[in-house]
Protein chains: 4
Amino acid sequence: MARGRKVNSNGERSKQLLREKAIELFASNGYYQTKISDIVKAANVTQPTFYLYFDSKDSLFIDLNEQFQVDLFRLFEEQPGQNEAHFHQVIGNLLQYFSENPLLTKIGLYQSEGSYLVKERLVEKFEYILEKQKQYFSKLEQMDIHIVSQSLVGSIERLTFTLLLTNKKTVDQLTEELLSIYFVKDELLSYAT
Amino acid sequence: MARGRKVNSNGERSKQLLREKAIELFASNGYYQTKISDIVKAANVTQPTFYLYFDSKDSLFIDLNEQFQVDLFRLFEEQPGQNEAHFHQVIGNLLQYFSENPLLTKIGLYQSEGSYLVKERLVEKFEYILEKQKQYFSKLEQMDIHIVSQSLVGSIERLTFTLLLTNKKTVDQLTEELLSIYFVKDELLSYAT
Amino acid sequence: MARGRKVNSNGERSKQLLREKAIELFASNGYYQTKISDIVKAANVTQPTFYLYFDSKDSLFIDLNEQFQVDLFRLFEEQPGQNEAHFHQVIGNLLQYFSENPLLTKIGLYQSEGSYLVKERLVEKFEYILEKQKQYFSKLEQMDIHIVSQSLVGSIERLTFTLLLTNKKTVDQLTEELLSIYFVKDELLSYAT
Amino acid sequence: MARGRKVNSNGERSKQLLREKAIELFASNGYYQTKISDIVKAANVTQPTFYLYFDSKDSLFIDLNEQFQVDLFRLFEEQPGQNEAHFHQVIGNLLQYFSENPLLTKIGLYQSEGSYLVKERLVEKFEYILEKQKQYFSKLEQMDIHIVSQSLVGSIERLTFTLLLTNKKTVDQLTEELLSIYFVKDELLSYAT
DNA sequence: CATGAATGAGTATTCATTCAT
DNA sequence: GATGAATGAATACTCATTCAT
């Protein structure tokens, strides 16, 4: 191919394309098995073009992770009222975001070596919320909130990857199921007896 | 310079040593960031020695994973009686094994790209057991067994890595907690009401 | 994004600016460590603009060297009279030029791979002059004119870079000193005895 | 070529060969125009072999320069007696070393960016010696020792490259000539009168 | 049994240069 | 006159693997 500018080329578009292809490849193959050469091949440009828009393979990966984290924790900021409905909403929002951003989620929650930090932060968020919800769910009172939070994050992670991102279950289905595992309301429990 | 067999050297010992060092390094650094040169350095032998005992980096890694899987699923074979105590025991056995084999567990459940297969198999095992236990836990009847199993595996994985392998909680503590999250017995529920 | 001619832009000015920045950078960092991107960044234009005025990095560098050489050897053309004062003047002129064009001097005498040719030509010039001055300096008669010329060029080069271009000594000081090293007049020598 | 050890191969020999070829290439082409690929081609090995023995292109270059400097300044340590003959000897030793190590000299005195430091140190050495020799050479008394030293180093450098390393003049010839330029003894001067 | 020595095949990154606008 | 966008060709360096001893 001749050197120089392509006909109809547009920088922002190229950058976006590279970013998208990188997300796809990182998500499915992981960091180490995704080569710059793969990314540029997928975007139909040459290697120097990659470096026109990104500093390095590493910095791009970090960028993607940061975007994921910013998006994710913004979900916790919108606090409506600390009532019993809150939990339902938080989990729903999380799953909704994962479902809308499956590739970024795979990267940020799976592939990244820093994903454990994200999950730790999630655990903290849940602990905070659970503490406040104790009153509504008597079951919680006899349990270790920290352990429950960790378990919950584990559940969310797994359900997301195996059932949500594979489109086997919907956000709503999983939200309901998670709630009924973790937050059987007292009244509900009584029905069982 | 001197070459050939070291004094006091012993094939089986070298192999074992290499294997141990490989496990340590794979567990803490992952597959891609563990180099053969690191392994042999840690075992104090040279690179060709590695190939004397293992076919390749990859095959050793696969070996380790297979060992983990064999160990793991043997735990499910010892079926005492399909009573209600069974579940408690299965989870206890699993956590016990993880706790006794932390490095192999990290490799087989985390670092390996094939770990998702292991977890799928775990899910199946749990589904099978859960189906049988339905009678003892009325709560289960209204839930999707597959989802519960997936969630349970997620919980186990996370609690194992964050609380068990870090020695923050004991096998018993986590087993209890897991049971009370997932299998509140009917009688227990009635206490809450 | 906006493209095309800048307001207030002027071709000759851009070319001059690029040239100046190139001289600065080549002088301080050398040929290989000066990138086109550095030059255009310093001149606040884009890379294609560079190629609007210069054929290539190499050709610009060659240009600069040629300018240096033309300037330099023009100094030898103005031959007033072949008297004993001539030498003093030639050296003074040289140092004066170096002092007034420090960057070009660094490039033409140091950084360029062709600088050895310049110095060879300088040596020849000095040989020619020295030959004629032999009569005035008996000391020269017993010496190898070629070697003395080479040595003189070495001295000039070094004193220029370490003392003249660093402003530690003036043109006059160095001229005097060089003359007293190389051309102790016979009368002066006799004073010493 | 097949992988693995070559017949009759010997590490020390390979390293030495690489070093020699590197010296040759750095000396004639300079740092930037000498590629690792050139060096290994000349030594008839592959690129990884280079890294078996050297850390990097840069570190090898630095190594060579350090060797040169150590060698060089060792010459100043053997101080026989601080008499008038000393100077003659020091210059002779220097030129002798240069003549015996032409390639390393080219690298250490020319090609290296740190060569200016070496020359500064040489200047200091000469200043020190000159100061002590003042008594023997009345000519020196009226001159600036620092300038004379700088000039001397310039002369030595130039004569070395143009006449000594090209085998146009011998160590002795150049030593004599340098001495007669810089250190016409008082008695000698009187002959001229 | 084990080592010293070497290599094939990558792999990220850089830089001068060029085309389309 | 000048820019945005892109590329060809390097280039240093790495790593798993293998041969000869």
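Here the structure is a predicted model, which means the values were calculated and not measured. Values below: all heavy atoms of this structure, side chains included; hydrogens, waters and symmetry mates excluded. First the proteins, then the strands, lettered A, B, ... as listed; each starts at 1.
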Quiz item: Got a sec, which residues hit ring-ring contact (aromatic ring centres under 6.0 Å, His included) with Tyr116(D), two or more places apart in sequence or on another chain?
Solution: none
Exercise. Could you tell me the separation between the CG atom of Asp55(B) and the C1' atom of dT18(F), rounded to a whole number of Å?
Key: 13 Å
Practice problem: Classify the nucleic acid contact of Asn8(D) as base, sugar-phosphate or nothing, counting any heavy atom under 4.0 Å across all strands shown. | Solution: sugar-phosphate
Practice problem: Specify the residue among Leu52(C) and Thr34(D) whose closest nucleotide of DNA chain F lies further upstream toward the 5′ end. | Solution: Leu52(C)
Quiz item: How are the rings of Phe98(B) and Phe68(B) set to each other: parallel, tilted or perpendicular (split at 30° and 60°)?
Solution: parallel
Exercise. Decide whether a cation-pi geometry holds between Lys57(B) and Tyr31(B); the criteria are a distance under 6.0 Å from NZ or CZ to the six-membered ring centre and an angle within 45° of the ring axis.
Key: yes
Self-check item: Contact nearer the 5' end of DNA chain F, comparing Tyr32(B) with Tyr32(D)
Solution: Tyr32(D)
Quiz item: Which part of the nucleic acid, if any, lies within contact of Ser59(C), taking any heavy atom under 4.0 Å across all strands shown: a base, the sugar-phosphate backbone alone, or nothing?
Solution: nothing
Quiz item: Counting any heavy atom closer than 4.0 Å, what does Tyr53(D) reach on the DNA or RNA strands: base, sugar-phosphate only, or nothing?
Solution: sugar-phosphate
Practice problem: Go through the structure and list residues passing side-chain contact (heavy atoms from CB on, under 4.5 Å) with Glu100(A), not counting sequence neighbours. | Solution: Gln96(A)
Exercise. Report the distance from atom CG of Leu17(A) to atom P of dA6(F), rounded to the nearest whole Å.
Key: 10 Å
Self-check item: Aromatic plane relationship, Phe26(A) with Phe61(A) - under 30° parallel, 30 to 60° tilted, over 60° perpendicular
Solution: perpendicular
Quiz prompt | Separation of dT11(E) C1' from Phe50(A) CZ (nearest whole Å) | solution = 13 Å
Self-check item: Whole-Å distance separating the CG atom of Asp58(B) from the P atom of dT17(F)
Solution: 8 Å
Quiz item: Can you check the Tyr51(A) OH to dG8(F) C1' distance for me, whole Å?
Solution: 16 Å
Practice problem: Counting Watson-Crick and G-U wobble pairs whose two distances are both under 3.5 Å, find the runs of 3 or more in a row that involve DNA chain E. | Solution: E:2-21 with F:2-21
Exercise. Could you list the residues that satisfy side-chain contact (heavy atoms from CB on, under 4.5 Å) with Ala27(A), not counting sequence neighbours?
Key: Leu103(A), Lys106(A), Ile107(A)
Quiz prompt | Distance, rounded to the nearest Å, where Gln33(C) contributes CD and dC15(E) contributes C1' | solution = 14 Å
Quiz item: When the distance from CZ of Arg13(A) to P of dG4(F) is rounded to whole Å, what number comes out?
Solution: 17 Å
Quiz item: Whole Å only: how far is the NZ atom of Lys6(A) from the P atom of dT18(E)?
Solution: 19 Å
Just the table, please: protein N/O against nucleotides 9-11 of chain F N/O, every pair under 3.5 Å.
from	atom 1	to	atom 2	distance (Å)
dT11(F)	OP1	Lys35(D)	NZ	3.3

Practice problem: Tell me whether the OP1 or OP2 atom of dA2(F) has a side-chain N or O from Thr49(C) closer than 4.0 Å. | Solution: no
Quiz prompt | ring-ring contact (aromatic ring centres under 6.0 Å, His included) involving Phe50(C) - partner list, sequence neighbours excluded | solution = Phe54(C)
Quiz item: How is Ser9(A) classified with respect to the nucleic acid when contacts are heavy atoms under 4.0 Å: base, sugar-phosphate, or nothing?
Solution: sugar-phosphate
